[in-house]
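Worksheet: the structure to be examined is printed underneath.
Note that the numbering runs from 1 along the sequence shown for the chain.
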Amino acid sequence: MHYNQAQKNRDTLIDMLTFNQKSTSPCVRYFYLPANPSKQSEVIEVLNSGSDVVQVPMREEDLELTAFFERGLTPREKALYKSSETWKVFSYWEELQHDHLQYGLKDEELRILLSLRNRYSLEDDAAVSA
């Protein structure tokens, strides 16, 4: 019983941090692009994002994606990217983690973001763990 309550509290905290934290100032938002027959799934990170929705051009038709996670920019990201919107595309979570460690993302934010990998699986994760 205690474990289930702790898990429920953790899930509630993750939901609060990932879905209810909508900022009006530029921030970093994460979007999940599911796999299709010609392309594997990806996580799209948008730095200096001004909206929690993005349009992703696709061959068949554009997709509208809604952010699944949002955070502030690190001091290093602010200095490097200033105010320009920048997209980064990740094919696997380890690549995203390595990138975020280089930019000084707080351990707690990185832990919460990486805890979402079960909800947003990437094709390469299966190959890396095999």
Carboxylate-amine/guanidinium proximity below 4.0 Å for Arg71 and Glu45: yes
With rounding to the nearest 0.5 angstrom, report the CE to OG distance, Met58 to Ser38. 6.0 Å
When rounded to the nearest 0.5 angstrom, what distance separates CZ in Arg76 from OH in Tyr81? 9.0 Å
Linking I/L/V/M/F/W/Y whenever any side-chain heavy atoms sit under 4.5 Å apart, do Val89 and Leu101 land together? no
Do Val43 and Leu47 sit in the same hydrophobic cluster, where Ile, Leu, Val, Met, Phe, Trp and Tyr count as joined when their side-chain heavy atoms come under 4.5 Å apart? yes
Less than 4.5 Å apart, side chain to side chain, heavy atoms only: is that true for Val54 and Trp87? yes
Heavy atoms of Glu109 and Gly72 approach each other most closely as OE2-N, 4.3 Å
All heavy atoms of Tyr32 vs all of Leu122, minimum pair found to be CE1-CD2, 3.9 Å
Just wondering, are more than 12 heavy atoms of other shown residues or ligands nearer than 6.0 Å to CG in Asp62? yes
How many angstroms lie between CD in Glu61 and CD in Gln55, if you round to the nearest 0.5 Å? 10.0 Å
Spacing of CG belonging to Leu105 relative to CG belonging to Leu110, to within rounding of 0.5 Å: 5.0 Å
Do Phe69 and Leu96 sit in one hydrophobic cluster, given that two such residues count as connected whenever their side-chain heavy atoms are within less than 4.5 Å of each other, even indirectly? yes
Is the shortest heavy-atom distance from the side chain of Tyr103 to the side chain of Leu73 under 4.5 Å? no
To the nearest 0.5 Å, what is the distance between NZ (Lys88) and OH (Tyr30)? 8.5 Å
Given the rule that I, L, V, M, F, W and Y join up when any side-chain heavy atoms are under 4.5 Å apart, are Ile44 and Leu63 in one cluster? yes
Specify whether Tyr120 and Phe68 have parallel, tilted or perpendicular ring planes, treating 30° as the upper limit for parallel and 60° as the lower limit for perpendicular. parallel
